[in-house]
Amino acid sequence: MGDTNGQVVAGGNGYGNRLNNPTDVLIDKETDSLIICDRNNRRVVRWSRRSGTTQGEILINNISCWGLAMDDQRYLYISDNDKHEVRRYQIGDKNGTIVAGGNGYGAGLNQFNWPTYIFVDQQQTVYVSDYGNHRVMKWNKGAKEGIVVAGGQGQGNALTQLWSPSGLFVDTLETIYVADMANHRVMRWPKGAKQGTVIVGGNGYGEGANQFHNSIGLSFDRHGNLYVVDRDNNRVQRFSIE
């Protein structure tokens, strides 16, 4: 806290064979390492947090990854845009098991159109931002199709709609928080709700403190502060949410 300069912990050697357009990252506390979706290199890599690490270890190769999640049993979940699916992997396993999608591109309840960010709860329920279908899907463990839990009413800016949903967080009451990217806002959707509420942004795109220009990622800290990746303003904003 209070630092005005960040410290490079992975990559930082220009794009190329190090990191190229990383889209998501998580911390694996067990091995004190970062797991990174190294998107344009089509791989998922693990990068030790020990100082002096100059390159990552490839966990999974040849994957059009976008989002990552890890559950309590240390299973790794990865969304794949080419295959329109989410797979679960044991660390060290290269093949994984499909847990959502995997039925080609489309708008059916068993399909995705460009799945991006994912969230996995303690029951191994998988929530997925279905970017191209403008909806958030919930897949219960073992389910053959998902349930629309936010959006799904086409592209738009009504409270019943999303436009290119991205970053995702789900609390213990199954309230969904989603970065509604192209609407430049973050929305909250309570369990079972037919529409959401705007909690930050929603004031058009811009550089104001109450505005975003493509809100793509979000995260909460233990005090309930919300952090939003404001992509095209090249910044991260922090908000206190009631």
Side-chain angles (χ1 to χ4, degrees), residues 1 3-6 11 15 19-26 36-40 64-69 79 81 84 105 107 112-119 127-138 148-171 175-190 193-221 223-242:
M1 283 294 286
D3 277 358
T4 52
N5 295 308
Y15 77 87
L19 291 175
N20 187 351
N21 191 19
T23 51
D24 207 359
V25 60
L26 55 83
I36 303 164
C37 169
D38 185 11
R39 180 171 172 74
N40 284 8
S64 182
C65 64
W66 192 288
L68 302 170
S79 62
N81 301 151
H84 305 283
Y105 152 87
F112 293 117
N113 176 0
W114 199 269
T116 55
Y117 293 97
I118 50 185
F119 183 91
Y127 294 83
V128 185
S129 281
D130 189 5
Y131 184 93
N133 284 324
H134 312 291
R135 65 189 184 184
V136 176
M137 301 288 289
K138 171 186 175 181
V148 179
V149 288
Q153 304 294 319
Q155 171 188 314
N157 63 4
L159 293 179
T160 55
Q161 293 177 303
L162 298 169
W163 186 357
S164 302
S166 298
L168 199 55
F169 179 84
V170 184
D171 70 15
T175 303
I176 292 157
Y177 296 83
V178 58
D180 188 10
M181 188 185 81
N183 281 322
H184 317 290
R185 65 190 184 185
V186 174
M187 296 192 77
R188 176 199 283 137
W189 291 66
K194 295 293 177 222
Q195 65 176 46
T197 53
V198 179
I199 54 172
V200 288
N203 300 299
Y205 77 85
E207 297 177 10
N210 66 345
Q211 291 179 304
F212 302 112
H213 190 178
N214 290 328
S215 43
I216 194 169
L218 59 78
S219 185
F220 284 92
D221 67 18
H223 307 295
N225 295 307
L226 170 66
Y227 298 78
V228 183
V229 180
D230 187 8
R231 189 185 71 185
D232 292 348
N233 281 324
N234 305 300
R235 65 187 183 183
V236 176
Q237 295 212 66
R238 184 178 71 214
F239 300 88
S240 298
I241 302 295
E242 291 304 319

(message) Show, in sequence, the C-alpha distance, side-chain angles and deciding distance for I199 and L226, and conclude whether the side-chain contact (heavy atoms from CB on, under 4.5 Å) test is met.
(response) CA-CA 10 Å; I199 54 172; L226 170 66; 4.2 Å; yes
(request) Hey, could you give me each pair passing side chain to side chain donor-acceptor pair (under 3.5 Å) that has a residue in residues 200-215? Not counting sequence neighbours. (result) N214-D232
(message) Nearest 0.5 Å, please: how far is OG in S240 from NE2 in H223?
(response) 11.0 Å
(message) I'd like to know if the side chain of H134 reaches the main chain of S164, judged simply by a donor and an acceptor atom lying under 3.5 Å from each other, with no hydrogens or angles considered.
(response) yes
(message) Distance check, rounded to the nearest 0.5 Å: T116 atom OG1 versus I216 atom CD1?
(response) 7.5 Å
(message) Test of understanding: with side chain to side chain donor-acceptor pair (under 3.5 Å), list the residues that count as partners of N233, not counting sequence neighbours.
(response) D230
(message) I'd like to know if the side chain of D38 reaches the main chain of L19, judged simply by a donor and an acceptor atom lying under 3.5 Å from each other, with no hydrogens or angles considered.
(response) no
(message) Nearest 0.5 angstrom please: Y131 OH to M181 CE, how far?
(response) 3.0 Å
(request) Please identify each residue that fulfils side chain to side chain donor-acceptor pair (under 3.5 Å) with R39, with sequence neighbours left out. (result) N81
(request) Report the residues that fulfil side chain to side chain donor-acceptor pair (under 3.5 Å) with W189, sequence neighbours left out, ordered by chain and then residue number. (result) none
(message) Consider side chain to side chain contact (heavy atoms under 4.5 Å, CB included). Of V186, V178, V236, which one does L218 pass it with?
(response) V186
(message) Taking side-chain contact (heavy atoms from CB on, under 4.5 Å) as the definition, give me every residue that meets it alongside A158, ordered by chain and number, with sequence neighbours left out.
(response) T160, Q161
(message) Which residues pass the side chain to side chain donor-acceptor pair (under 3.5 Å) test with D180, not counting sequence neighbours?
(response) N183, R185
(request) Look up atom CG in D130 and atom CH2 in W114, then write down how far apart they are to the nearest 0.5 Å. (result) 12.5 Å
(message) If only side-chain N and O atoms count, and only distance matters, is there a donor-acceptor pair under 3.5 Å linking D221 with Y227?
(response) yes
(message) Classify the ring geometry of H84 against Y105: parallel below 30°, tilted from 30° to 60°, perpendicular beyond 60°.
(response) tilted
(request) Return the set of residues passing side-chain contact (heavy atoms from CB on, under 4.5 Å) with D3 (not counting sequence neighbours), or none when no residue passes. (result) none
(message) Return the CG to OG distance between L168 and S219, rounded to the nearest 0.5 Å.
(response) 11.5 Å
(request) Applying side-chain contact (heavy atoms from CB on, under 4.5 Å), run through V200 and F212 and close with a yes or a no. (result) CA-CA 9 Å; V200 288; F212 302 112; 3.9 Å; yes
(message) Nearest 0.5 Å, please: how far is CG in D24 from CD1 in I36?
(response) 10.0 Å
(message) So, using side-chain contact (heavy atoms from CB on, under 4.5 Å) as the criterion, who are the partners of L159 when residues are at least two apart?
(response) M187, Q195, V198
(message) Once side-chain contact (heavy atoms from CB on, under 4.5 Å) is applied, do any residues pair with T175, and if so which ones, sequence neighbours excluded?
(response) D171, L173, Y177, R188
